[in-house]
Amino acid sequence: VRGRDGDGSRPETPPDGAPSHAGPGTGTATAPRPPMVFLTLSRWIRNRGPNRYWRVQEVLQHARHFRGRKNRCYSLALRVVRRAFLYSTKARKLKKRNMRTLWISRIAAATREHGMKYPMLICNLIKSQVELNRKVLADLSVYEPKTFKSLAALAKQRREEGFRDALGDGGEPTGVFSRMVHRD
């Protein structure tokens, strides 16, 4: 068995099994090595250890659906898998942004059918204490047009009469059910 110095000698241990307290530089007492921490993906990939085969297989597995040598050759697969992961990270934020713009355009189209504009509808619904987000409003405009029409009527009434006249006395437009508690 070779020691730490590579000269074929074994590090000496005391006969009773107690730990050695030799000073630094003697080569007999070794501190446990800290675990390896990789701050970047490229450093992690370049680490050559017993797990290298499985790391290569993991990268190739992510590249299986690519065309050409990119799904077989490790160095090419590593590049395209990195790029794909980067695009997928960016796309998660873009998807949220695109869905919000889709909802807003649907609400705006349905609002124009009722003779209003989108900002006026949103502002007056908030003033009327209707707390529906844009996703729900878009679904209502597509699948429940009568409910959306009553919400538009509520927003119109709030705009025309003011908050006290619209909801204060309990005079909601017909077909609108409110959870407001009216105190006399």
Chemist: Going by the rule ring pair (Phe, Tyr, Trp, His ring centres under 6.0 Å), which residues pair with Phe66 if we only count those two or more places apart in sequence or in a different chain?
Modeler: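 Expected list: none.
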Chemist: Of the non-hydrogen atoms in Asn124 and Ala155, which two are nearest, and what is the gap between them?
Modeler: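 It is CB-O, 3.5 Å.
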Chemist: I need the minimum non-hydrogen distance between Ala152 and Leu121, along with the two atoms involved.
Modeler: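 Closest approach of Ala152 to Leu121, heavy atoms only: CA-CD1, 3.9 Å.
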Chemist: For Arg72, which residues count as a side-chain contact (heavy atoms from CB on, under 4.5 Å) partner, sequence neighbours excluded?
Modeler: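 Checked Arg72 against side-chain contact (heavy atoms from CB on, under 4.5 Å); matches are Arg69.
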Chemist: About how many Å separate CZ of Phe148 and CD of Glu113, when rounded to the nearest 0.5 Å?
Modeler: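 Separation between the atoms: 8.5 Å.
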Chemist: Arg92: what forms a side-chain contact (heavy atoms from CB on, under 4.5 Å) with it, not counting sequence neighbours?
Modeler: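 Result, side-chain contact (heavy atoms from CB on, under 4.5 Å) vs Arg92: Ser88, Thr89, Lys96.
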Chemist: SG/Cys123 to CZ/Arg158 distance, rounded to the nearest 0.5 angstrom?
Modeler: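 Going from SG on Cys123 over to CZ on Arg158, the span is 8.0 Å.
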Chemist: Kindly state each residue pair satisfying ring-ring contact (aromatic ring centres under 6.0 Å, His included) with at least one member in residues 76-102, sequence neighbours excluded.
Modeler: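 For residues 76-102, and leaving out neighbouring residues, the ring-ring contact (aromatic ring centres under 6.0 Å, His included) pairs sorted by first residue read His62-Phe85.
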Chemist: Begin from the C-alpha positions of Leu86 and Arg82 and carry the test side chain to side chain contact (heavy atoms under 4.5 Å, CB included) through to its verdict.
Modeler: CA-CA 6 Å; Leu86 186 70; Arg82 263 194 211 151; over 6 Å; no
Chemist: Members other than Trp103 in its cluster, when Ile, Leu, Val, Met, Phe, Trp, Tyr link by side-chain heavy atoms under 4.5 Å?
Modeler: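 Met99, Leu102, listed by chain and number.
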Chemist: Using side-chain heavy atoms (C-beta onward) and a distance below 4.5 Å, is Leu137 in contact with Ile122?
Modeler: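 Touching, per the 4.5 Å side-chain cut-off.
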Chemist: With sequence neighbours excluded, give me every side-chain hydrogen bond (donor to acceptor under 3.5 Å, both in side chains) pair touching residues 134-144.
Modeler: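 Those involving residues 134-144 are Tyr118-Arg134.
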Chemist: Please list, chain by chain and in numerical order, all residues satisfying side-chain contact (heavy atoms from CB on, under 4.5 Å) with Val136, sequence neighbours excluded.
Modeler: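 Here the qualifying residues are Leu132, Asn133, Leu140.
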Chemist: Where is the tightest heavy-atom contact between Lys156 and Gly115, given as atom of each residue plus distance?
Modeler: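 The pair with the smallest heavy-atom distance is CE-O, 4.3 Å.
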Chemist: Would you check if Asn98 and Lys95 make a side-chain contact, meaning some heavy-atom pair closer than 4.5 Å?
Modeler: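 They are not in contact (no side-chain heavy atoms under 4.5 Å apart), so the answer is no.
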Chemist: Do Ile107 and Val142 belong to the same hydrophobic cluster, where Ile, Leu, Val, Met, Phe, Trp and Tyr are linked whenever their side-chain heavy atoms lie under 4.5 Å apart, directly or via other members?
Modeler: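 In one cluster with Ile107: Val142, no.
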Chemist: What are the two closest heavy atoms between Ala63 and Lys70, and how far apart are they?
Modeler: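 Closest heavy-atom pair between Ala63 and Lys70: CB-O, 3.7 Å.
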Chemist: With Arg64, which residues qualify under side-chain contact (heavy atoms from CB on, under 4.5 Å), at least two apart?
Modeler: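 Result, side-chain contact (heavy atoms from CB on, under 4.5 Å) vs Arg64: Gln57, Leu60, Gln61.
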